[in-house]
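Order of listing sets the numbers, starting from 1, for every ligand and every atom in it.
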Amino acid sequence: MNIPFKHSATGTTIFTVMSGLATEHQAINLSQGFPDFQLDEKLAAQLHEAALGNFNQYAPMMGLPMLRQAIAQDFLKRYSVAIDADKEITITPGGTYGIYTAFTSFLQKDDEVIVLEPAYDSYIPNIEMNGAKAVCVSLVAPHFQVDWSAVKAAVTTKTKAIIINTPHNPTGAVWSKNDWEELASIVRGTDMLVVSDEVYEQLIFDGHQHFSVLQHEELRERSFAIFSFGKVFNNTGWKMGYVIAPPTLTNAFRHIHQYLAFSVNTPAQYAIAQYMNQPQLPNVGAMMESKRNYFLSLMKDLPFTIHQPALGSYFQLAGYEKISDLPDLEFAKWLTREYKVATVPISPFYKNKKDDRLIRFCFAKKESTLEEAVERLRRVLN
Ligand code: GLN
């Protein structure tokens, strides 16, 4: 048989590759982004309660009303934006699914989508799976800011959307208010949609505040905003997220969602909704900020180059030019094999695999894990 499988579906994601290698070599896994510490016991107890109670059958396609209401209240409280829980929120099995489903709800063959690179590795395959084309614009190193004149130059009559991401994976950069105004001025008067990946919205440091596309009245009308519970409640394995979009876009989104996942894990939805109803939730941003600080303090004397401390997300980029001149993927594999610390190389985040000789560390780990990892890295030059 000669089956022409979809090109975008043939590779293996770098997260699977590096986590697999970490397991194979019993390395400390600072590659794939996930916490290695326990979630809040109260949240675990709610899941237990849900499974013992009568919350084990299909949830409504758009998500449990109690969870959608809890999200609407949360956004009112944290961002002062009113969101219609029935018409604008859909619960999804994770943020990555939300992005794919948003694209699938509007992309037609040969449409173009602007992608700012380095970009989370599912964006381009998700665009291409829909027969559309990713038009890539590079962020400007070392701070990975958006070059808005380059974005403007990338817009054509075929441009259907732009996907943006702040706080940014893998660079830890965050957008300023001005970036949002630049984006608004580019899409104004066009039919371009915005897919706004805000999964790290609560992981933002040094007094920066996340500004959501939902707070920008003009942009909000044309945007899908993507969120993830895993990043906020330290439970990435629950694969739970949500998408907020105006009613027309939400309708289109649900038309696809109903035939993909249909609905999401009911007991987990119940547990998160109950948990969100407490008056005060733990401050995950402050916790991750102190982990970043701790990680950077441990790394201080090591020969890695930190061009800029992460301003958000749970990722820190580092250069390794003082250690090796291997390509980044080879270097990351070598470090995993020889020193038993797994990281993620950055070239897979570029369509053309551009190699900036940078690797990404995930610092969402126990202090003891970070200490042991840095201890192992210390041996690299000895
Ligand atoms: N978002 C996480 C990361 O960037 C991992 C997601 C995944 O493994 N697909 O590491």
Side-chain angles (χ1 to χ4, degrees), residues 8-23 27-37 39 92-103 115-127 129 139 144 163-174 195-204 225-243 261 284 288 291-292 295 310-318 328-329 332-333 335-336 341-350 356 358-365 369-370 373:
S8 289
T10 51
T12 301
T13 112
I14 191 63
F15 308 114
T16 301
V17 171
M18 293 313 300
S19 277
L21 210 61
T23 308
I28 295 179
N29 191 356
L30 305 187
S31 65
Q32 199 175 19
F34 63 88
D36 72 342
F37 44 87
L39 50 62
T92 60
T96 304
Y97 173 99
I99 293 164
Y100 173 74
T101 307
F103 278 140
V115 178
L116 308 175
E117 289 187 312
Y120 181 55
D121 80 335
S122 76
Y123 297 171
I124 294 174
N126 283 181
I127 292 162
M129 285 167 192
L139 296 165
F144 294 97
I163 179 159
I164 59 158
N165 172 219
T166 182
H168 188 252
N169 180 7
T171 69
V174 302
V195 178
S196 183
D197 175 355
E198 301 182 27
V199 297
Y200 297 101
E201 49 132 5
Q202 299 197 37
L203 311 185
I204 187 157
I226 314 291
F227 299 94
S228 162
F229 288 117
K231 318 291 186 285
V232 181
F233 298 137
N234 307 310
N235 58 351
T236 61
W238 289 24
K239 288 297 296 178
M240 298 274 292
Y242 52 102
V243 173
V284 66
M288 292 299 178
K291 288 192 181 296
R292 179 207 60 177
F295 178 63
L311 300 175
S313 81
Y314 41 45
F315 303 118
Q316 178 63 56
L317 286 191
D328 65 353
L329 178 59
K333 287 182 171 171
L335 209 57
T336 310
V341 178
T343 59
V344 163
I346 299 308
S347 57
F349 293 71
Y350 286 97
D356 293 328
L358 292 169
I359 54 172
R360 188 195 80 174
F361 292 92
C362 173
F363 53 77
K365 306 290 172 187
T369 308
L370 296 175

Participant: I want to confirm something. Looking only at heavy atoms, which of Gly33, Ser31, Gly230 is nearest to atom 10 (O) of ligand 1?
Facilitator: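 Looking at heavy atoms only, Gly33 sits closest to atom 10 (O) of ligand 1.
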Participant: Mind checking whether Tyr200 contacts ligand 1 via backbone (N, CA, C, O), side chain (CB onward), both or neither, at a 4.0 Å heavy-atom cut-off?
Facilitator: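 Side chain only.
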Participant: Is the gap between the ring centers of Tyr120 and Phe15 under 6.0 Å?
Facilitator: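 For Tyr120 and Phe15, the ring centres are under 6.0 Å apart.
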Participant: Can you check whether Met18's main-chain N or O pairs, donor with acceptor, with Lys333's side chain at less than 3.5 Å?
Facilitator: no
Participant: Does the separation of the ring centres of Tyr123 and Phe103 fall below 6.0 angstrom?
Facilitator: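 Ring-ring flag for Tyr123/Phe103: false, centres at least 6.0 Å apart.
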Participant: Please report the shortest heavy-atom distance between Ser313 and Pro167, naming the atom on each side.
Facilitator: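 That closest heavy-atom pairing would be N-CB, 3.6 Å.
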Participant: Does NZ or CZ of Lys231 come closer than 6.0 Å to the centre of the six-membered ring of Phe34, within 45° of the ring's axis?
Facilitator: no
Participant: Who's the nearest protein heavy-atom neighbour of atom 9 (N) of ligand 1, and how far?
Facilitator: Tyr120 OH, 3.3 Å
Participant: I want to check something: taking the side chain as every heavy atom from C-beta on, are Phe349 and Asn169 in contact at a cut-off of under 4.5 Å?
Facilitator: yes
Participant: Which of the numbered atoms in ligand 1 are under 4.0 angstrom from any heavy atom belonging to Phe15?
Facilitator: 3 (C), 4 (O), 7 (C), 8 (O), 9 (N), 10 (O)
Participant: Ignoring hydrogens and angles, tell me if any N or O in the side chain of Asp328 forms a donor-acceptor pair with the backbone of Ser347 under 3.5 Å.
Facilitator: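 Yes, because the side chain of Asp328 sits within donor-acceptor range (under 3.5 Å) of the backbone of Ser347.
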Participant: Atoms of ligand 1 less than 4.0 Å from Phe315 heavy atoms?
Facilitator: 3 (C), 4 (O), 10 (O)
Participant: Have a look at ligand 1 and work out which part of Arg360, if any, has a heavy atom under 4.0 Å from it: side chain, backbone, both or neither.
Facilitator: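 Under 4.0 Å from ligand 1, Arg360 contributes side-chain atoms alone.
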Participant: How close does the nearest protein non-hydrogen atom get to atom 5 (C) of ligand 1, and which residue and atom is it?
Facilitator: Gln32 CG, 3.9 Å
Participant: What is the closest protein heavy atom to atom 4 (O) of ligand 1, and at what distance does it sit?
Facilitator: Asn169 ND2, 2.8 Å
Participant: Would you mind telling me if ligand 1 is within reach of the side chain of Phe34, the backbone, both or neither, using heavy atoms under 4.0 Å?
Facilitator: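 Neither part.
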